[in-house]
Number of protein chains: 4
Amino acid sequence: MKKDNDKIDENGQALNWDYLVPGIPDELFCRDTVPLTKEEIRCLSLSRLRLQPHHTVLDVGAGSGSVSIECALLLRQGRVIAVEREDRALVLLQKNARRFGVPNLEIIRGAAPAALAAVKHADRIFIGGTGGQMQAILEVCSRILAPGGIVVLNCILLESLTAALEHLARLPFSEAQVISAAIARGQRLGGKTMLSPLNPVFIVSAQKSEGGP
Amino acid sequence: MKKDNDKIDENGQALNWDYLVPGIPDELFCRDTVPLTKEEIRCLSLSRLRLQPHHTVLDVGAGSGSVSIECALLLRQGRVIAVEREDRALVLLQKNARRFGVPNLEIIRGAAPAALAAVKHADRIFIGGTGGQMQAILEVCSRILAPGGIVVLNCILLESLTAALEHLARLPFSEAQVISAAIARGQRLGGKTMLSPLNPVFIVSAQKSEGGP
Amino acid sequence: MKKDNDKIDENGQALNWDYLVPGIPDELFCRDTVPLTKEEIRCLSLSRLRLQPHHTVLDVGAGSGSVSIECALLLRQGRVIAVEREDRALVLLQKNARRFGVPNLEIIRGAAPAALAAVKHADRIFIGGTGGQMQAILEVCSRILAPGGIVVLNCILLESLTAALEHLARLPFSEAQVISAAIARGQRLGGKTMLSPLNPVFIVSAQKSEGGP
Amino acid sequence: MKKDNDKIDENGQALNWDYLVPGIPDELFCRDTVPLTKEEIRCLSLSRLRLQPHHTVLDVGAGSGSVSIECALLLRQGRVIAVEREDRALVLLQKNARRFGVPNLEIIRGAAPAALAAVKHADRIFIGGTGGQMQAILEVCSRILAPGGIVVLNCILLESLTAALEHLARLPFSEAQVISAAIARGQRLGGKTMLSPLNPVFIVSAQKSEGGP
């Protein structure tokens, strides 16, 4: 949509993305070669996060920051803590934070679970990547998360998906819910429309038990 | 998630659905046998609507009202006009409007495009069903819609999808965007997880030309 | 296609299904409530089996027999051994075997892996269901299978899929290949076409090492 | 599977692909940048073709020839006529025909429908591409096709899909059947498995009326 592209300000001014619903177009993010949570997958993931205005959201494996930024823009009295270990991604994360003007986004440099030591509390946790530390990260997250809080994971690896389900079942969470999202986007080809598929993503969500520690 | 179900009040009190993001679970709506826009499809469709607080949203073929209600809850200074022709759906629409407590939702009984005569302006239009009147409805919508406004359609019929693309191309709209959403939900089966597919839906969106009449 | 339905003979005469390619329509099988490997999934699975005329195919968890019968019809000098434990399925399996007239199909009643004791050799193995005995069944199959032979599994449970991959990696097989098949069939609705999705199936295949025992 | 790759003969000897089922791996074809009907889509399409040993198959828009070659290998007393207009594709088609050793494959150079003038009869027709001539090609095909014969189309453009359905409904064909095939292949990534989607394809098939001209 043209209006969105007009909003890109090359002079370092923050974009004024002021919609009530998630779904920032992928091309509004600086992204280089770092993988980005695609617009449609972000919408579905944010929906499962069930955000409320005062929430503290933890984004583990934040990458170039698209989920963190969507959350930070929606949370008017809340804040987002983004954890990322890769230098290349951190540069993009900071660039994107500036581009969208999100003062309520805090960045922690380091690898989870170790880098989560300083995080004492979260109402919602999004896990975009675990770097092979699924079990340890979910255990730490189950402690950080407030009772009744929600964790949402994006899994692209089949083995990560079933590992997440297995670990969540052992931890104090409600039964996990899974969405398999096979999204394709229409692409114009000679005045006609072909479908160009995104990589399939599994969106896992679970709620921490209310009576939990 | 248990918390959501706890919120169902059988005594006629409105549910207090107070999240910042769309995605009301399907089972929170009264739905009978009237088709319902499924949670994930609603999220993706609302995202494409790019809602802002003051917007007037027109919902054509509102059915049991799930999209209207999601919009009405998000629009703090705006309002929603739901148009529906079927009696059975209208009963559900009114029930659901009461259940979720949305004073900013107005219901028009009748079939589009005729029933749209009273609607002078909309910032956003969602078309969930056209009852075979795709072309006439899109023409009326292109007049009602504010310049820069957005129309979003959900198509389940292949022929409706290509008809929508064809008509939008002739009307003063930007190039239409298409999302093909093949969503499946995990279902527990003997402690394991199988995927249960929703009907595939095509989500079409287009922006009315800024300089349009 | 009308011709196919014409071939159903209610008088107990065998159907004359004489095509060179797999893909018997689902409705030509007696199926009751026993799950059936759907036509499209059967085609993809049989393709991965790489059948040759003289092959012996073992079908573990044969259900109502659709895969066994497709194989038996294609194997002109070969044969099929179908193993099934449920009485209800066995009745259908026998009915379907008669319906399609496949003298080269042998049925073993019993649960795998125990029921596989009498099977000394197979060139190809299809596993439609494991009844929770994935690991034991794959171990026995890896012994029965000829060097260079191929095993194909249909998994509908995510946990079975990753378990199959894990076990195959430990046994003397080539790296497993996975196909995720999300098939939808067009259905006519008021002269137009909607897509009606089949349950997604994962088709796993692996080849036994040539130099294996 | 290693065995398949071993069969590639760099010295110009024909590959000995001697399986009873379709599904030649994509990488066994010379393909350059010409689009190739992917293995899984070929299996599903050939299944719908319902081949019999003596059939004459017409392949319109044969491209690099993967469907023609699969058919030619299966038809022991039949033959395949491949029509292709692009020089680059024709070179590959000939290379692939030599590679797989298919004496019963005839190549016609030219654009359909004009290039179909010499074809008097076909039992089965596969249409992989129409170059914008869908209507004219289907009309000619409906004349060439034997009564009770079958046409199968692969559509990647939404508009071609609905145009095909519309034209088939006007011509002497049974009601068209549609398969929407969203296939993803497992790819190993750090010892785990991600799903890599193929472009979605719609497979349309219809049978010419028995009593037709």
Side-chain angles (χ1 to χ4, degrees), chain A residues 1-4 6 18-24 39-40 42-53 55 70-71 74-76 78 148 150 161-162 165 169 174-188 191-193 195-198 200 202-207 209-210, chain B residues 1-4 6 18-24 39-40 42-53 55 70-71 74-76 78 148 150 161-162 165 169 174-188 191-193 195-198 200 202-207 209-210:
Chain A
M1 311 228 160
K2 220 178 297 158
K3 206 177 177 185
D4 303 333
D6 290 343
D18 55 358
Y19 298 114
L20 292 173
V21 280
I24 303 174
E39 181 183 335
E40 295 84 353
R42 253 184 284 128
C43 287
L44 293 170
S45 300
L46 265 84
S47 165
R48 306 307 302 182
L49 279 176
R50 302 272 149 87
L51 298 178
Q52 294 184 308
H55 277 164
E70 292 259 25
C71 289
L74 289 166
L75 296 174
R76 288 175 301 275
I150 292 171
L161 167 60
T162 49
L165 294 176
S174 70
E175 191 168 271
Q177 295 184 292
V178 179
I179 297 171
S180 156
I183 304 287
R185 293 176 181 170
Q187 272 198 326
R188 302 300 281 181
K192 298 188 171 170
T193 315
L195 295 174
S196 179
L198 304 184
F202 297 93
I203 301 167
V204 178
S205 56
Q207 188 174 26
S209 309
E210 292 281 352
Chain B
M1 313 231 160
K2 222 179 293 157
K3 205 177 175 185
D4 303 335
D6 288 344
D18 55 356
Y19 299 113
L20 292 173
V21 279
I24 303 175
E39 181 184 334
E40 295 84 353
R42 254 184 282 127
C43 288
L44 293 170
S45 299
L46 264 86
S47 165
R48 305 308 301 182
L49 279 175
R50 302 271 149 88
L51 300 177
Q52 293 184 310
H55 277 163
E70 292 260 23
C71 290
L74 289 166
L75 296 173
R76 287 175 302 274
I150 292 170
L161 167 61
T162 49
L165 295 176
S174 69
E175 190 167 273
Q177 294 183 295
V178 178
I179 298 172
S180 156
I183 302 288
R185 292 177 182 168
Q187 272 198 326
R188 300 300 281 182
K192 298 188 170 171
T193 315
L195 295 174
S196 179
L198 303 184
F202 297 94
I203 301 167
V204 177
S205 56
Q207 188 175 26
S209 309
E210 292 281 353

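Quick note on labels: first sequence line is chain A, next is B, and so on, each numbered from 1. Values reported hereafter were calculated over all heavy atoms of this structure, with side chains retained and with hydrogens, waters and symmetry mates removed.
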Checklist entry - Quick one: what part of A/Glu39 sits under 4.5 Å from any heavy atom of chain B, side chain, backbone, both or neither? => result side chain

Checklist entry - Rounded to the nearest 0.5 Å, what separation is found between the OG1 atom of B/Thr193 and the CZ atom of A/Phe202? => result 10.5 Å

Checklist entry - So which part of A/Arg42 gets closer than 4.5 Å to some heavy atom of chain B, the side chain, the backbone, both or neither? => result neither

Item to check | Separation of A/Ile179 CD1 from A/Ser205 OG (nearest 0.5 Å) | outcome: 6.0 Å

Checklist entry - Say you draw a straight line from CZ of B/Arg188 to CG of A/Leu165; how long is it, rounded to the nearest 0.5 Å? => result 6.5 Å

Checklist entry - Non-hydrogen atoms of chain B under 4.5 Å away: do they reach the side chain of A/Ile203, the backbone, both or neither? => result neither

Next on the checklist: Using heavy-atom distances under 4.5 Å, tell me whether B/Leu195 contacts chain A through its side chain, its backbone, both, or neither.
Outcome noted: side chain

Next on the checklist: Evaluate B/Gln207 against B/Arg50 for side-chain hydrogen bond (donor to acceptor under 3.5 Å, both in side chains), listing each step before the verdict.
Outcome noted: CA-CA 11 Å; B/Gln207 188 175 26; B/Arg50 302 271 149 88; over 6 Å; no

Checklist entry - Quick one: of A/Ala169, A/Pro53, A/Pro197, A/Pro200, who has the most non-hydrogen atom pairs under 4.5 Å with chain B? => result A/Pro53

Checklist entry - Rounded to the nearest 0.5 Å, how far apart are CG of A/Leu44 and CG of B/Leu44? => result 4.5 Å

Checklist outcome for this item: When the 4.5 angstrom heavy-atom criterion is applied to B/Ile24 and chain A, the contacting part is neither

Item to check | Minimum-distance pair of heavy atoms, taken over all atoms of B/Val178 and B/Leu161 | outcome: CG1-CD1, 4.3 Å

Checklist entry - Highest number of heavy-atom pairs under 4.5 Å with chain B: which of A/Gly186, A/Ser47, A/Pro22? => result A/Ser47

Checklist entry - Given a strict heavy-atom distance threshold of 4.5 Å, which part of A/Ile183 is in contact with chain B: side chain, backbone, both, or neither? => result both

Item to check | Within-4.5 Å side-chain heavy-atom neighbours: A/Val21 and B/Leu49 | outcome: no

Checklist outcome for this item: Note: vs chain A, highest number of non-hydrogen pairs under 4.5 angstrom among B/Arg76, B/Arg185, B/Gln187 is B/Arg76

